[in-house]
Protein chains: 2
Amino acid sequence: MPARLSEVAALAGVHPATASRALNEATRNKVSADTVLKVRRAAEQLNYSPNPAARSLVTNRTSTVGVIIGDLTVPLFPPLLRGVDDVTSAAGYTALIVNTDNDWSRELARIAALQARRVDGLIVATATSGDQADPRIWSSVAPTVFVVRAPADPLAPTVLSDDSMGVHLAVEHLVAQGHRRIAHVAGPPEISTATARLRAYREALFERGIEVDPALVTTMDSISADAGTEALGRLLDSGAGVTAVLAFNDIVAYGCYRAVRQRGLRCPEDISIVGYSDMNGADLVAPPLTTVHVDHQAMGAEAARMLLGMLSDPGARPPHSVRLPVSLTVRESTAPPRQGVPR
Amino acid sequence: MPARLSEVAALAGVHPATASRALNEATRNKVSADTVLKVRRAAEQLNYSPNPAARSLVTNRTSTVGVIIGDLTVPLFPPLLRGVDDVTSAAGYTALIVNTDNDWSRELARIAALQARRVDGLIVATATSGDQADPRIWSSVAPTVFVVRAPADPLAPTVLSDDSMGVHLAVEHLVAQGHRRIAHVAGPPEISTATARLRAYREALFERGIEVDPALVTTMDSISADAGTEALGRLLDSGAGVTAVLAFNDIVAYGCYRAVRQRGLRCPEDISIVGYSDMNGADLVAPPLTTVHVDHQAMGAEAARMLLGMLSDPGARPPHSVRLPVSLTVRESTAPPRQGVPR
DNA sequence: CTGTTAGCGCATTCAC
DNA sequence: GTGAATGCGCTAACAG
C-alpha cells in the first residue's frame, strides 16, 4: 500500500493541504519555494503517488480516455494505439482500449462500460460516414475525437489521412511508368474511405487525360483478400486489358496477387499492383508491395492531442478536423507495362 | 453527470446504505427481495452506475488489471489481448494495456504508471527466462500472471503454449512426407521459447531415429525476416543437403522464403518450410504457410482467468502454471522432397 | 432486514 | 503562504 498524502505532509512538517498544493502543478505558486522543496523530497522518500480514486472523487475527472476500435488484429490499429498512448501517457492520462469486434451491440455495451468508468474523453476509430449511428451516441458520453473513419457529422472533430493525396500519388506513379489501363478494386460504399478513394481515382485519371472507363472498376461487398481475388479475377477475365491495379488496401492487394497468379500471370511483369496502408508485413510478401504509406501512429497522436486540447479547455469551440498527408512507398509490385498488345 | 446512489435511494424510498446493499451482488441477500426490486427499478430508471472512484476509495480495489506487452504490432498480441479482454470485461474488470516497446527503462516507467493507477493485478507478456529481471519487480506491484514468455522464477503462475508439442507435430508432418534432412532456424537462446523449440526439435528427430546433425541448425542473433533469410541462406550454401526447414516463427519463415527464392529454388518443390505461430496473414503469403497454430486468444483468456482467480481468493496459494496445446495447420509450403540427390 | 455513523484520500473552499 | 474544515460518492461496521 503506497504512502498517503498525510504521511508526506507529516514527514515534511506541513499540513496535508499545503502538501497537496506543493505537489500540484497548478497550485504550486501558492506555496513558498522552500516548502515545495521539502514536500517534494518527502514525497520522493516515501515513494508517494496520489490515489487516483481519491483525486478523481473530488476533481470529478479520471484522467482516462476511452479508445474504441473495431478489431485489434487489423494492422492499422496497433500503431494508431501507439500514437495515442504516447501522447496520453505523457500527459498523465491512461487509455482504456476497447475492442468492438465491429459489432454494434457489442460497441454499445463497451461504450456503456467506458461511461461507467467515467472516461474524460473518447477517441473513436469505428465510425463510418454511411453509418446509421448518430455521433451523439459517443459525444453524449464525453468529448470525442474521431479518427481513421469519418463520422456522419462532418463538423465533429476528426483526424483522417488524405485519401485523395494517396490515390493521386499511386496513380501518378503508375502513369509515370506508362500505364493507361489502371483498374481499381474498390471497397463497399458504406466505408467513407472507399468512396473517397474511388472519387480520387477518377479525378486522378481525369486530370491526366486518361479515359475513366467504368469497366475498370469493381466494387467489393466486403473488404478481404478473397473479395479482392474474386473482384480482380472478374476484371482480368473480362478482357478489359488492364495493366495495373490500385487495390482498396493492402489486404485486398494480396488477394489481387492471388488472382494474378491463378491466371498464370506475373506481378509486376504482367500486372502492376498498388496497395494502400503499408501495413506491417507489406515488405515481406512476394513481390514486396508498392503501397500508399499511411502514418497511423501520427494519426493516433494527433487525435490524442486534439482530444487533450478539448479537455483542457472545455469552453473553447471544438477544433478543426485535420487530414494528414501520406506518401508512396515504392517496392517491387509495380513496373512498366509489357510492350505490345495488352491483354 | 450520472445519478448518485443517494438519488436512487431517495427514489426507492430507502436509505443509501440499503440501496448499496441491494445493488451489490455479495450483499444482496441481506436485503428483502421486495426492496431489491424497488431499488433496481429506481436505479434503472435513473440510469445509475456506481462511481468507480468512490467505490475504489473504500474497497481499496480498482477492478483494473494491467497488461504489459512488448510491441503491439507483433501479431501474436492482438488476439492475446482479445482473450484477456473477453474474460476481464465479463467480470467487470478493465484492462489497462501498456506497450513497453521492448525497452526495459520504458517498461519500468509503465509499471510505475500502473502502480500509480492501483491496478489489482498484472498480466505480463514480456518476461524472458534469460532475463536479468526479477519477477518480484512485477509481483511487488500486484498479483501477477505471466503469459507467452517464461519468467525466471519457474514457480510463478504462467500460461505458455506447448512448444514441445508444436515442434513434434511439425517434425512428424515433415518426416511423414519423407523428409530426413530437416533444418532448424533457431531463435536466440535468451528467448525461452527458442531454447524450448530447439530442444524439442532434437528430441523429435531422435525419437524418429533420424540423425541429429548440428550442421542443420543455425541460430539467429535476433528474430526477424532478414535474420531468417541470412541464416537459411548460410545453411543452403553449406551444401548440407536440406530438404525441409522448421523456422523459429512465421516471420522467420517469410525470411526463409526469400532465401529459397534468391537461390532460384522453389518452395515447396525444392524446400519445404514450416513456420510457428500461425500469425495473421500466414494464409495470404505465397505459398500459404504450413505452421504450428498457437491459440493466443485462449492463452490470454486463460491468463486472465488465472489472475482473476488469484484476486478473488488472495489467501489461496498461487495456481499451477499451464501449458496449452497447439495444433498444426497444414497449408502449401510443405511437400514431399524431390527424388534423387538432395542438394 | 434496515437506518445511522464513519471514513476511504484527496482538493478546495475559507480563515488567518 | 499556511492551517482548518468540508465534502466528493460510496461501502462497512454497528445498532436497532
Side-chain angles (χ1 to χ4, degrees), chain A residues 1-43 46-64 92 115-120 311-312, chain B residues 1-40 42-43 46-64 92 115-120 312:
Chain A
M1 217 42 49
R4 286 158 302 180
L5 181 58
S6 63
E7 309 185 77
V8 173
L11 180 58
V14 298
H15 192 273
T18 304
S20 170
R21 283 186 282 251
L23 258 17
N24 276 30
E25 187 64 44
T27 50
R28 186 163 307 159
N29 51 0
K30 315 184 100 193
V31 166
S32 81
D34 179 48
T35 33
V36 169
L37 215 67
K38 279 193 308 189
V39 172
R40 294 177 102 167
R41 222 193 299 282
L46 295 177
N47 205 347
Y48 171 76
S49 81
N51 184 322
R55 169 176 286 177
S56 168
L57 198 50
V58 41
T59 61
N60 212 18
R61 308 185 318 103
T62 55
S63 294
T64 59
Q115 184 165 35
R117 281 281 172 199
R118 308 298 200 264
V119 291
D120 293 335
L311 298 183
S312 69
Chain B
M1 218 40 49
R4 288 158 301 182
L5 182 58
S6 63
E7 309 186 80
V8 173
L11 181 57
V14 298
H15 192 273
T18 304
S20 170
R21 285 186 283 250
L23 259 17
N24 276 29
E25 188 63 45
T27 49
R28 185 163 306 159
N29 50 0
K30 315 184 98 194
V31 165
S32 81
D34 179 46
T35 31
V36 169
L37 215 67
K38 278 192 308 187
V39 171
R40 295 178 101 167
L46 295 177
N47 206 346
Y48 171 76
S49 81
N51 184 323
R55 170 176 289 173
S56 168
L57 198 50
V58 40
T59 60
N60 212 17
R61 308 184 318 104
T62 55
S63 295
T64 60
Q115 185 166 33
R117 281 280 172 198
R118 310 295 200 265
V119 291
D120 293 336
S312 70

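Numbered from 1 within each chain, the chains take letters A, B, ... in sequence-line order.
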Please state how far atom CZ in B:Arg61 lies from atom P in D:dC10, giving the value in whole angstrom units.
17 Å

Whole angstrom is fine here: how far is it from CG in A:Leu5 over to P in D:dA4?
14 Å

Does A:Thr27 place a side-chain N or O at less than 4.0 Å from the phosphate oxygens OP1/OP2 of C:dT12?
no

Within the structure shown, what part of the strands sits under 4.0 Å from A:Thr35 by heavy-atom distance: base, sugar-phosphate, or nothing?
sugar-phosphate

List in numerical order all residues of residues 46-55 of chain A for which some heavy atom is under 4.0 Å away from an atom belonging to DNA chain C.
A:Tyr48, A:Pro50, A:Asn51, A:Ala54, A:Arg55

Is B:Thr59 close enough to D:dA12 that one of its side-chain N or O atoms is under 4.0 Å from OP1 or OP2 there?
no

If we check side-chain contact (heavy atoms from CB on, under 4.5 Å) with A:Thr62, which of these qualifies: A:Thr59, A:Thr64, A:Asn60?
A:Thr64

Contact list for DNA chain C against residues 12-23 of chain A - heavy-atom distance below 4.0 Å:
A:Ala17, A:Ser20, A:Arg21

Identify whether any heavy atom of B:Asn24 sits under 4.0 Å from a base atom; if not, whether one sits that close to sugar-phosphate; answer base, sugar-phosphate or nothing.
sugar-phosphate

Which of the following nucleotides, D:dC10, C:dA11, D:dT2, is nearest to the side chain of A:Val58?
C:dA11

Any non-hydrogen side-chain atom of B:Leu23 less than 4.5 Å from a side-chain atom of B:Leu5?
yes

By nearest nucleotide on DNA chain C, pick out whichever of B:Arg118 and B:Ser32 is the more 5' one.
B:Ser32

pair B:Ser32-B:Lys38: side-chain heavy atoms closer than 4.5 Å:
no

